[in-house]
There are 2 protein chains.
Amino acid sequence: MNYSVSEENYIKTIFHLQKKEGTVTTNELAGELKTRPASVTDMMKKLKAKKLLHYQPYQGFRLTTDGSKVALGIIRRHRLWEYFLAEKLKFTWDEVHEVAEELEHVSNKKLIDKLDAYLGFPKKDPHGDPIPDAQGKIESGKKIRLPEVPLNTSCLVSGVSNQSGEILDLLKHKKISIGTVVEVRKRFEFDQSLEIRTGKQTIINISRELAENILISYEA
Amino acid sequence: MNYSVSEENYIKTIFHLQKKEGTVTTNELAGELKTRPASVTDMMKKLKAKKLLHYQPYQGFRLTTDGSKVALGIIRRHRLWEYFLAEKLKFTWDEVHEVAEELEHVSNKKLIDKLDAYLGFPKKDPHGDPIPDAQGKIESGKKIRLPEVPLNTSCLVSGVSNQSGEILDLLKHKKISIGTVVEVRKRFEFDQSLEIRTGKQTIINISRELAENILISYEA
DNA sequence: AAAATAATTTAGACAAATCTAAATTAAGTT
DNA sequence: AACTTAATTTAGATTTGTCTAAATTATTTT
Ligand SMILES: [Mn+2]
Ligand SMILES: [Mn+2]
Ligand SMILES: [Mn+2]
Ligand SMILES: [Mn+2]
């Protein structure tokens, strides 16, 4: 239930990276945390053992549902403190992050919920990023459907609106799942089918019917 | 310049204990910090190496001037956060200590000084204890002289008003120095001499002239 | 002044988080 | 398909802070 400062920093960073990339790699995380790949591997084993992480050697990693909840708690604390620092203590918006980086690890629920109330339940931090509420709900990166995504913009599959066995079978065959990074390369007017890239390389075609049911959250 | 949470907890606890007792022992500190005597000895070596502590094996320890400065910084943070929690977040006075115990270790000077200003430079925490200012000055446990101390009240020698070689020689002979715990047992009207206890046991007599020059800070 | 007891320190071990260097696996290229 | 390079993992150390058990030193009692 309680995590070390180090574990929290890993969890939070994975959360942010996977938002952009679907899956996170060892080197990427090592770069972000200014640590060594070997240290990342060690920590990944630990987080997997705590069921916060999906991880198979050489396959990259993603947070589990539990892991994401933990991450949202940390992000909530971080952003509430940033709001407090800017709004009440008159720090400038570029100074708050560094200080919040320390305050976020004080994980007393009552403290954070009272701070939230004191600040008037702010919705966004000083950088405009949304603040998760006490239940971990965060203003969604508004989901859109694949056909609405601009061309050549890498984005993330975050859900499927039709849950039938048939569509899941098709998605499985095309190796598309929640967390897959996709990019629309071409739109064919004749039948509204799309040529898309999945993962890092694979180029495939999907029908309008399928595309309509793929929910996307995109943050570049 | 920056200390670990563990080091800070030791430093702060030594500061409080030596205020009451002059010198601090291994078992005492272990008891207070809920750790083992062997761990205390290990940490004492480290703090001595960092010149925060006077320590000779088996002789107990006291903070150096530098050590006390560090302690006052931690106490300042602790008490400012306690004030914030009670005053702004509406915690009750008995809840604040536990939370402040965590917040005190976020040691960003600008944060604390801005918090202090935001709170209106409070002088006392919710328990009535004085808050050190940004320079580490704390409302003194007003020094009095030995003859003014009530009978049978253990208190601490905190200074000497006359710094001549003669008085220092006499004090040395009587084994009284800064940090010695003393207690006045009897007052003789005839010559205003005092019978006092020094340390835990020794009973000695001192003249009015000497007593007048011994400064006392007493906190039981 | 011994002997007994209490306080303190040392020796050796362990968990957490990190590192370097070497080994392994995956990916990209002829 | 084999070779080369890049990414990742493993092996083995290191630092910090802690512990238990044993040895040492100080204090108190006889
Ligand atoms: Mn930030
Ligand atoms: Mn952090
Ligand atoms: Mn307190
Ligand atoms: Mn503390």
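Every heavy atom of this structure was used, including side-chain atoms; hydrogens, water molecules and symmetry mates were not. Remember, it's a predicted structure, so these values are computed and weren't measured experimentally.
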Which nucleotide in the set [options] lies at the smallest distance from any side-chain heavy atom of [X]?
| X | options | value |
| --- | --- | --- |
| B:Asp42 | D:dT20, C:dT9, D:dT18 | D:dT18 |
| A:Lys45 | D:dT18, D:dT10, C:dC19 | D:dT10 |
| A:Tyr58 | D:dT8, C:dG28, C:dT9 | D:dT8 |
| B:Ser6 | D:dT9, C:dT8, D:dT18 | D:dT18 |
| B:Ala38 | D:dT20, D:dT8, D:dT18 | D:dT20 |
| A:Ser39 | C:dT9, C:dC19, C:dA7 | C:dC19 |
| A:Tyr55 | D:dT18, C:dA7, D:dT9 | D:dT9 |

Would you kindly give the [atom1]-to-[atom2] distance between [X] and [N], to the nearest whole Å?
| X | N | atom1 | atom2 | result |
| --- | --- | --- | --- | --- |
| A:Glu7 | C:dA15 | CD | C1' | 12 Å |
| A:Leu47 | C:dT18 | CG | C1' | 15 Å |
| B:Asn27 | D:dT25 | CG | P | 18 Å |
| A:Leu29 | D:dT8 | CG | C1' | 13 Å |
| A:Gln59 | D:dA7 | CD | C1' | 12 Å |
| B:Asn2 | D:dT16 | CG | C1' | 16 Å |
| B:Arg36 | D:dT20 | CZ | P | 5 Å |
| A:Met44 | C:dT18 | CE | P | 10 Å |

#### Entry: Reference residue A:Lys12; test salt bridge (charged side-chain N to carboxylate O under 4.0 Å, His left out); the match among A:Glu32, A:Glu104, A:Glu7
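Only one option passes, and that is A:Glu104.
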### Given B:Asp133, B:Asp113, B:Asp129, the one that forms salt bridge (charged side-chain N to carboxylate O under 4.0 Å, His left out) with B:Arg76
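It is B:Asp113; the other options fail the test.
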### Task
Just call it for B:Phe61: base, sugar-phosphate, or nothing, with non-hydrogen atoms closer than 4.0 Å on any strand.
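Contact class for B:Phe61: none.
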### Task
Looking at every strand, decide which applies to B:Pro37 at a 4.0 Å heavy-atom threshold: base, sugar-phosphate, or nothing.
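Counting heavy atoms under 4.0 Å across all strands, the contact made by B:Pro37 includes a base.
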### Task
Verify the contact: side-chain N or O of A:Thr26 to OP1 or OP2 of D:dT9, cut-off strictly under 4.0 Å; return yes or no.
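So the side chain of A:Thr26 is within the cut-off, an N or O lying under 4.0 Å from OP1 or OP2 of D:dT9.
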### Task
Kindly say if B:Thr25 contacts the phosphate of C:dA7, meaning a side-chain N or O under 4.0 Å from OP1 or OP2.
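No.
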### Query
Closer to the 5' end of DNA chain C via nearest nucleotide, is it A:Pro57 or A:Ser4?
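The residue whose closest nucleotide sits nearer the 5' end is A:Ser4.
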### Query
More than 12 foreign heavy atoms under 6.0 Å from CZ of B:Arg197: is that the case here?
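Result for CZ/B:Arg197: enclosed.
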#### Entry: Heavy-atom neighbours of A:Glu98 CD exceed 12 at 6.0 Å
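Open: at most 12 neighbouring heavy atoms sit under 6.0 Å from CD of A:Glu98.
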### Query
Parallel under 30°, tilted from 30 to 60°, perpendicular over 60°: which one fits the rings of A:Phe84 and B:Trp81?
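A:Phe84 and B:Trp81: tilted rings.
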